[in-house]
A.B. asks: 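Take a look at the following structure, please.
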Amino acid sequence: MKTERVLITGAAGFLGSHLCDRFIKEGYHVIGMDNFITGDKKNISHLTSNSNFEFIEHDVTKHIIIDGDLKYILHFASPASPIDYLKIPIQTLKVSSLGTHNCLGLAKNKNARFLIASTSEVYGDPLVHPQTENYRGNVNPIGPRGCYDEAKRFAEAITMAYHTYHKLETRIVRIFNTYGSRMRLNDGRVLPAFIGQALRGEDLTLFGDGSQTRSFCYVDDLVEGIYRLLLSDYALPVNIGNPNEITIKEFGDEIIKLTGTKQKMIYKPLPQDDPKQRQPDISIAKKLLRWEPKVNRADGLRITYAYFKSLSSDDLNKVEHKSFESYVK
Ligand SMILES: NC(=O)c1ccc[n+]([C@@H]2O[C@H](COP(=O)([O-])OP(=O)(O)OC[C@H]3O[C@@H](n4cnc5c(N)ncnc54)[C@H](O)[C@@H]3O)[C@@H](O)[C@H]2O)c1
C-alpha cells in the first residue's frame with residue numbers, strides 16, 4: 001500500500017516538530033515546511049535521514065506547490081509567543097491570513113483534509129471562565145496582541161468558509177498553553193522564561209502580582225488530542241489544553257522547587273492586554289475524542305527541565321532568537 005502523505009507547516013517549530021515525529025511514527029510520509037522565522041533547524045535535524053521525512057524551506061504566505069497526493073494538511077506555521085509576534089506583527093498577520101488561504105487552496109486542490117492551529121487567544125482576555133468553544137471572546141483588535149489574536153480569528157473564519165462553501169473537510173483546534181522540549185528558552189513564555197532564569201542563576205521575573213492564572217498542557221498530550229481531532233468528523237472548533245489551572249506565583253514556586261535555585265521572584269508591571277485567567281473547558285474533547293490530558297505537571301516539568309538542562313551554554317544565554325530584519329518586507 002502507498003504511504004499516505006501529510007504536509008505540516010511550521011515543521012521546524014516547537015509543536016510542528018513534535019507533530020512530524022508523531023505522524024512518522026504513525027506510518028505517514030511527512031513533508032515539513034518552514035521558513036525558520038521563529039523555528040530552528042535543530043528541531044528537525046533528527047529527521048533529516050528518515051526516508052519518510054522531507055523538508056521544503058518555503059514561506060507559506062507565498063504560493064505553495066507540492067507534487068503528488070496529500071491526505072492531510074496541518075497548518076502550524078505562525079509565530080506563537082508574544083515576544084515574537086510583537087516584533088513581527090505583519091508577518092504574523094500574513095501567515096494566518098495569506099498563509100491559511102494558500103494552505104486551504106492547496107487542500108482543495110489535493111482533496112486533503114485541513115487542520116488549522118488556532119489558539120486560546122481567540123478568547124482574548126476572557127470574561128467567561130473556564131472558556132467554552134461557544135464563548136466569542138474579548139479581544140482588543142488594535143492592542144499589541146491584536147496582530148496574533150485577530151489573525152487567528154480570521155484563520156478560523158476562512159477555514160469555516162472553505163468548509164461551508166467548498167465542502168472541504170476541515171478541523172479547528174484551539175490550543176491552550178503547551179510546554180515541552182524544543183520550546184525556546186528566550187521565547188518570552190512564562191515556563192521557559194522561569195526555567196531559563198533559574199538555570200542562569202537570575203531572579204525569576206513575575207509580571208503583575210502573580211495572581212493571573214494559566215494552565216499548561218504537556219506536548220505529548222496536546223499532540224494526541226490533535227491527532228484524534230484530525231481523525232474525527234467534527235468541523236467546529238475544539239479546545240485542547242490542560243484544565244489544571246495555577247496562578248503564576250504558585251507556578252514560580254514550583255519552578256524554584258524543581259530547579260533548586262536560590263534566587264527569588266521579582267515583580268514587574270503587567271503588560272497591556274495580558275489575559276488574567278486562562279483555563280480550557282475540554283468537555284467537547286472529552287466526549288467527542290475521548291481525550292483528556294494524561295501527564296501531570298510534575299512529570300511534564302521534570303522531562304522539560306531535563307531538556308533545558310541539556311542545552312549548550314550558548315543556547316542558555318542567547319537573548320535574541322535571531323534578527324528578523326531579512327524577513328521584514
Ligand atoms: N505553543 C503553544 O502553546 C501554542 C498555543 C496556541 C496556539 N499555538 C499555535 O501552534 C502553532 C505552532 O506554535 P509553536 O509554539 O510551535 O511556535 P514556533 O514559533 O515554535 O513554531 C512556528 C513555526 O512556524 C514557522 N513559520 C512562521 N511563519 C512562517 C511562514 N510564513 N512560512 C513558513 N513557516 C513559518 C516558524 O519558523 C516556526 O518554525 C502556531 O500556529 C501557534 O499559533 C501554539
Side-chain angles (χ1 to χ4, degrees), residues 7-21 31-44 55-64 74-85 87-103 115-123 131 145 147-156 159 172-192 214-219 221-223 225-226 237-242 275 278 280 300 304 321-322 324 326-329:
L7 171 67
I8 300 178
T9 76
F14 163 45
L15 298 182
S17 63
H18 282 280
L19 283 165
C20 290
D21 291 344
I31 303 168
M33 182 171 282
D34 206 294
N35 69 348
F36 300 116
I37 189 167
T38 59
D40 197 324
K41 286 192 172 103
K42 279 188 215 151
N43 290 339
I44 44 170
F55 181 76
I56 303 174
E57 184 170 346
H58 182 69
D59 177 346
V60 300
T61 68
K62 312 251 158 56
H63 185 64
I64 304 170
L74 290 89
H75 182 33
F76 274 68
S78 166
S81 85
I83 220 166
D84 289 334
Y85 59 73
K87 280 187 196 150
I88 42 172
I90 296 170
Q91 283 71 21
T92 303
L93 281 153
K94 282 169 75 176
V95 74
S96 287
S97 53
L98 304 179
T100 305
H101 186 214
N102 285 338
C103 290
L115 182 142
I116 179 74
S118 185
T119 168
S120 55
E121 299 285 342
V122 299
Y123 302 123
Q131 293 81 54
R145 305 169 81 103
C147 61
Y148 182 68
D149 303 5
E150 293 297 356
K152 289 291 185 179
R153 289 168 72 97
F154 175 87
E156 288 197 8
T159 298
I172 299 173
V173 56
R174 289 189 182 150
I175 301 169
F176 283 65
N177 288 3
T178 303
Y179 69 98
S181 61
R182 305 185 198 144
M183 287 184 100
R184 284 189 353 250
L185 270 180
N186 58 357
D187 81 357
R189 288 183 263 199
V190 63
L191 187 148
R214 294 292 182 271
S215 46
F216 300 102
C217 184
Y218 185 61
V219 63
D221 281 334
L222 179 91
V223 166
I226 290 171
V238 178
N239 289 338
I240 299 284
N242 192 324
R278 237 341 127 55
T304 308
H321 172 49
K322 59 173 65 170
F324 288 123
S326 59
Y327 297 94
V328 178
K329 300 232 168 57

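Index from 1, following the sequence. Counting convention: from 1, in listed order, for ligands and their atoms alike.
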A.B. asks: If you measure from each non-hydrogen atom of Y148 to ligand 1, which part falls under 4.0 Å: side chain, backbone, both or neither?
C.D. replies: side chain
A.B. asks: Side chain of N239, backbone of Q131: donor and acceptor closer than 3.5 Å?
C.D. replies: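 Yes; at least one donor-acceptor contact below 3.5 Å.
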A.B. asks: For atom 12 (C) of ligand 1, which protein heavy atom lies nearest, and how many Å away is it?
C.D. replies: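 Answer for atom 12 (C) of ligand 1: F76 O, 3.3 Å.
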A.B. asks: Going by the atom numbers of ligand 1, which of them fall below 4.0 Å from some non-hydrogen atom of G39?
C.D. replies: 36 (C), 37 (O), 38 (C), 39 (O)
A.B. asks: Looking at non-hydrogen atoms alone, which of L222, L19, V219, V60 comes nearest to atom 32 (N) of ligand 1?
C.D. replies: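 Checking each option, the heavy atom nearest atom 32 (N) of ligand 1 is found in V60.
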A.B. asks: Please could you name the atoms of ligand 1 that D59 approaches to less than 4.0 Å, counting only its heavy atoms?
C.D. replies: 30 (C), 31 (N), 32 (N)
A.B. asks: Nearest to atom 29 (C) of ligand 1, what protein heavy atom do you find, and at what distance?
C.D. replies: N35 OD1, 3.3 Å
A.B. asks: I need the nearest protein heavy-atom contact for atom 3 (O) of ligand 1: residue, atom name and distance, please.
C.D. replies: T178 N, 3.0 Å
A.B. asks: Hey, looking at atom 16 (O) of ligand 1, which of N177, L191, L15, I44 has the closest heavy atom?
C.D. replies: L15
A.B. asks: Where is the nearest protein heavy atom to atom 27 (C) of ligand 1: which residue, which atom, and how far?
C.D. replies: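 Going atom by atom, the protein heavy atom closest to atom 27 (C) of ligand 1 ends up being I37 CG2, 3.3 Å.
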A.B. asks: Under a 4.0 Å heavy-atom limit, does R189 contact ligand 1 with its side chain, its backbone, both, or neither?
C.D. replies: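 Near ligand 1, R189 shows its side chain, while the N, CA, C and O stay back.
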A.B. asks: Check ligand 1 against F36 and write out every atom of the ligand that is under 4.0 Å from a heavy-atom position of the residue.
C.D. replies: 37 (O)
A.B. asks: Closest non-hydrogen protein atom to atom 21 (O) of ligand 1, residue and atom name please, with distance?
C.D. replies: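 Nearest neighbour among protein heavy atoms for atom 21 (O) of ligand 1, to 0.1 Å: G13 CA, 3.3 Å.
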A.B. asks: Between atom OH of Y179 and atom CZ of R189, what is the distance when rounded to the nearest 0.5 Å?
C.D. replies: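 Between Y179 OH and R189 CZ, I get 14.0 Å after rounding to 0.5 Å.
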A.B. asks: Where the closest heavy atom to atom 22 (C) of ligand 1 is concerned, which of A77, G180, S78 has it?
C.D. replies: S78
A.B. asks: Return the residue, atom name and 0.1 Å-rounded distance of the protein heavy atom closest to atom 5 (C) of ligand 1.
C.D. replies: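 Going by distance alone, atom 5 (C) of ligand 1 is nearest to I175 CG2, 3.5 Å.
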A.B. asks: Consider every N or O of D34 and every N or O of ligand 1, then say whether any pair is closer than 3.5 Å.
C.D. replies: yes
A.B. asks: Any nitrogen or oxygen of T119, side chain or backbone, less than 3.5 Å from one on ligand 1?
C.D. replies: no
A.B. asks: My understanding is that only residues two or more places apart in sequence, or in another chain, count here; which of them pass salt bridge (Lys or Arg N to Asp or Glu O under 4.0 Å) with R145?
C.D. replies: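 Expected list: E121, D274.
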A.B. asks: Quick check: does any side chain N or O of H101 sit under 3.5 Å from a backbone N or O of T61, one acting as donor and the other as acceptor?
C.D. replies: no
A.B. asks: Just verifying a value: how many Å separate T178 OG1 and L222 CG, rounded to the nearest 0.5 Å?
C.D. replies: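 One finds 4.0 Å between OG1 of T178 and CG of L222.
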A.B. asks: Would the distance check show the side chain of H58 and the main-chain N or O of T9 forming a donor-acceptor pair, the cut-off being under 3.5 Å?
C.D. replies: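 Pair absent, no side-chain N/O of H58 close to backbone of T9.
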A.B. asks: Considering only heavy atoms of G10, which atoms of ligand 1 have at least one such atom less than 4.0 Å away?
C.D. replies: 23 (C), 24 (O), 25 (C)
A.B. asks: Do ligand 1 and P79 have nitrogen or oxygen atoms that lie under 3.5 Å from each other?
C.D. replies: no
A.B. asks: State the CD1-OG distance between I88 and S78, to the nearest 0.5 angstrom.
C.D. replies: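 It comes to 8.5 Å.
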A.B. asks: Between V95 and ligand 1, find which residue part has any heavy-atom pair under 4.0 Å and reply side chain, backbone, both or neither.
C.D. replies: side chain
A.B. asks: So, regarding T38 and ligand 1 (criterion: nitrogen or oxygen to nitrogen or oxygen, under 3.5 Å), is there a contact or not?
C.D. replies: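 Checking ligand 1 against T38, an N or O pair does fall under 3.5 Å apart.
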A.B. asks: Quick one: nearest non-hydrogen protein atom to atom 20 (O) of ligand 1, plus distance?
C.D. replies: F14 N, 2.9 Å
A.B. asks: Can you tell me if G99 has a non-hydrogen atom under 4.0 Å from ligand 1?
C.D. replies: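 No; G99 lies far enough from ligand 1 that no heavy-atom distance drops under 4.0 Å.
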A.B. asks: Please report which non-hydrogen protein atom sits nearest to atom 13 (O) of ligand 1, along with the residue it belongs to and the distance in Å to one decimal place.
C.D. replies: A80 CB, 3.5 Å
A.B. asks: Decide, yes or no, whether a salt bridge links E156 with R153 under the criterion of side-chain N to carboxylate O below 4.0 Å.
C.D. replies: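 Looking at E156 and R153, the cut-off is not met.
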A.B. asks: Would you find a donor on one side and an acceptor on the other, under 3.5 Å apart, between the side chain of N102 and the backbone of V60?
C.D. replies: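 Between the backbone of V60 and the side chain of N102 there is a qualifying donor-acceptor contact (under 3.5 Å).
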A.B. asks: If only atom types and distance count, is the side chain of R174 paired as donor or acceptor with the main-chain N or O of P280 below 3.5 Å?
C.D. replies: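 Flag not set: sc R174 to bb P280 has no pair under 3.5 Å.
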A.B. asks: At under 4.0 Å between heavy atoms, which part of S118 makes contact with ligand 1: side chain, backbone, both or neither?
C.D. replies: backbone
A.B. asks: Is H58 in contact with ligand 1, taking contact as a heavy-atom separation below 4.0 Å?
C.D. replies: yes
A.B. asks: Under 4.0 Å from ligand 1, counting heavy atoms only, is it the side chain of K152, its backbone, both or neither?
C.D. replies: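 K152 to ligand 1: side-chain contact only, backbone stays beyond 4.0 Å.
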A.B. asks: Would a distance-only check, ignoring hydrogens and angles, find a side-chain to backbone donor-acceptor pair under 3.5 Å from K152 to A117?
C.D. replies: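 Yes, K152 side chain to A117 backbone: donor-acceptor pair under 3.5 Å.
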A.B. asks: Not counting sequence neighbours, which residues clear side chain to side chain donor-acceptor pair (under 3.5 Å) with S81? List them please.
C.D. replies: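 For S81 the side chain to side chain donor-acceptor pair (under 3.5 Å) partners, ignoring immediate neighbours, are D84.
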A.B. asks: Please confirm whether the backbone N or O of S215 pairs with a side-chain atom of N242, one donor and one acceptor, at under 3.5 Å?
C.D. replies: no
A.B. asks: Which atom names give the shortest non-hydrogen contact between T92 and A151, and what distance separates them?
C.D. replies: O-CB, 3.8 Å
A.B. asks: Just by modelled atom types, is the F14 backbone N or O under 3.5 Å from a matching donor or acceptor in the S17 side chain?
C.D. replies: yes
